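Okay, structure first, notes after.
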Amino acid sequence: MKAMDQYCELFERFGAQGWWPVHKGKRRPGFDPVFEIMVGTILTQNTSWKNVEKAIENLHCEQVLDVPSMIQVHHAKLKSLIKPAGYYNQKAKKLKILAKHISDHYNSDSKQVAESASRGELLNIWGIGPETADSILLYAGNRPEFVIDTYTRRLCKTHGIEFKTYDEYKHHFESQLKPDYKLFNQYHALIVAWGKNQ
DNA sequence: AGCCAGGACTGAG
DNA sequence: CTCAGTCATGGC
């Protein structure tokens, strides 16, 4: 089955999904919408989005959703704020490391990272694997990197398609589609919608 | 009452 | 390099 046909079929069933970037009525001084997306991609690792929303809301209330604040906030406090998202020991560490990287190499300009960092650079940051790297590039940077997750593999399998590595799945989709970040954005979200519907 | 969610790292072998 | 074990909360 051709990828574009599958996309149309999924869109017909589930409609537009409204993933990132969306920020309605959340503007505080110093709020960094691009950094919030990056934070979301880490918090949602193997975790339901509903739990992540609670954690992000906590970070909003304490105004920790920008790079300098993330660096300054006490480690223990950060853990307590993100606790609803689970794995809070690991994830607090990941958020700190990511913020420090953006501070050290991009003068705390998260937008600059999302728009110009290479995939390999992100993969070298502790806590960022292939799916999180692609999610950051696609959803925070509006760059056409196709995101693969467990649902994607499951969906492929139902069509008799199976690969071994993440990059093979990624190539399977990217080789069939024009590099359109809006398309990749919707497609991945639609695959997740399909997965939840199973 | 389990099972699993919008994964990634670590340590064996 | 492959792969089980580990991390942790909340919803269903």
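Side-chain atoms are counted along with the backbone in the values below, which use heavy atoms only and exclude waters and symmetry mates. Because the structure is a prediction, the values reported are computed rather than measured.
- There is a side-chain donor-acceptor pair under 3.5 Å between Y166(A) and D134(A).
- Between the side chain of S103(A) and the backbone N or O of H101(A), no donor-acceptor pair lies under 3.5 Å.
- Across all strands shown, I128(A) has heavy atoms under 4.0 Å from sugar-phosphate atoms exclusively, and none from any base.
- If you check residues 77-84 of chain A against DNA chain C, the residues with a heavy atom closer than 4.0 Å are K83(A), P84(A), listed by number.
- The separation of dG11(B) from dA8(C), taken at their P atoms, amounts to 15 Å, rounded to a whole angstrom.
- Nearest to the side-chain atoms of N51(A) among the listed nucleotides dT9(C), dG7(B), dA8(B) stands dT9(C).
- The main-chain N or O of A3(A) is found under 3.5 Å from a side-chain atom of Y187(A) such that the two form a donor-acceptor pair.
- Along DNA chain C, the nucleotide nearest to N46(A) and the one nearest to K50(A) differ in position, and the one closer to the 5' end is contacted by N46(A).
- Straight-line distance from the CD atom of Q45(A) to the P atom of dT9(C): 17 Å, rounded to whole Å.
- Checking dG10(C), dG6(B), dT2(C) against every side-chain atom of K164(A), the shortest atom distance belongs to dT2(C).
- Considering only side-chain atoms of Q90(A), the nucleotide from dG6(B), dC9(B), dC7(C) that sits closest is dC7(C).
- Taking only side-chain atoms of W126(A), from C-beta outward, the nucleotide of dT10(B), dA8(B), dG6(B) with the closest atom is dT10(B).
- Contacts of K54(A) with the nucleic acid, taken as non-hydrogen atoms under 4.0 Å apart, involve only primed sugar atoms and P, OP1 or OP2.
- Side chain to side chain, T132(A) and Q45(A) meet the donor-acceptor criterion of an N or O pair below 3.5 Å.
- Here the C1' atom of nucleotide dG7(B) and the CD1 atom of I125(A) are 16 Å apart, to the nearest Å.
- Put simply, CD on E53(A) is 17 Å from P on dA5(B), counting in whole angstrom units.
- Once the 5.5 Å centre distance and the 30° plane angle are applied, the aromatic ring of W49(A) is found not to be stacked with the base of dA5(B).
- Comparing dA1(B) with dC7(C), their P atoms sit 25 Å apart, to the nearest whole Å.
- DNA chain B is contacted by both G127(A) and K196(A); K196(A) maps to the nucleotide lying nearer its 5′ end (nearest heavy atom per residue).
- Between K91(A) and T47(A), the side chains place a donor N or O and an acceptor N or O closer than 3.5 Å (distance only, hydrogens not considered).
- Counting non-hydrogen atoms under 4.0 angstrom, Y87(A) reaches a base of the nucleic acid.
- Within the structure, every side-chain polar atom (N or O) of W20(A) is placed at least 4.0 Å from both OP1 and OP2 of dG6(B).
- Taking the side chain as every heavy atom from C-beta outward, Q176(A) and M4(A) never approach each other to under 4.5 Å.
- Within 6.0 Å of NZ on K100(A) lie no more than 12 heavy atoms contributed by other residues, nucleotides or ligands.
- In the model, E121(A) has no side-chain atom that pairs as donor or acceptor with a side-chain atom of H105(A) under 3.5 Å.
- Using a 4.0 Å heavy-atom criterion, one finds that W19(A) contacts the bases of the nucleic acid, with or without backbone contacts as well.
- Distance CZ (R153(A)) to P (dG7(B)): 11 Å, rounded to an integer number of Å.
- Both W126(A) and L122(A) are part of a single hydrophobic cluster, where members link through side-chain heavy atoms under 4.5 Å apart.
- Rounded to an integer number of Å, the gap from L190(A) CG to dG6(B) C1' is 13 Å.
- Here the C1' atom of nucleotide dG6(B) and the CZ atom of F146(A) are 13 Å apart, to the nearest Å.
- Contact annotation: Y88(A) side-chain N/O to dT9(C) OP1/OP2 distance is under 4.0 Å.
- Contacts of R154(A) with the nucleic acid, taken as non-hydrogen atoms under 4.0 Å apart, involve only primed sugar atoms and P, OP1 or OP2.
- Taking atom P on both nucleotides, dT2(C) is separated from dG6(B) by 28 Å, rounded to a whole Å.
- Between T132(A) and dA8(B) there is a side-chain N or O to OP1 or OP2 distance below 4.0 Å.
- Here dA5(B) presents its P atom at 13 Å from NZ of K91(A), a figure rounded to the nearest Å.
- Separating the CD1 atom of I42(A) from the P atom of dA8(B) is a distance of 10 Å, rounded to the nearest angstrom.
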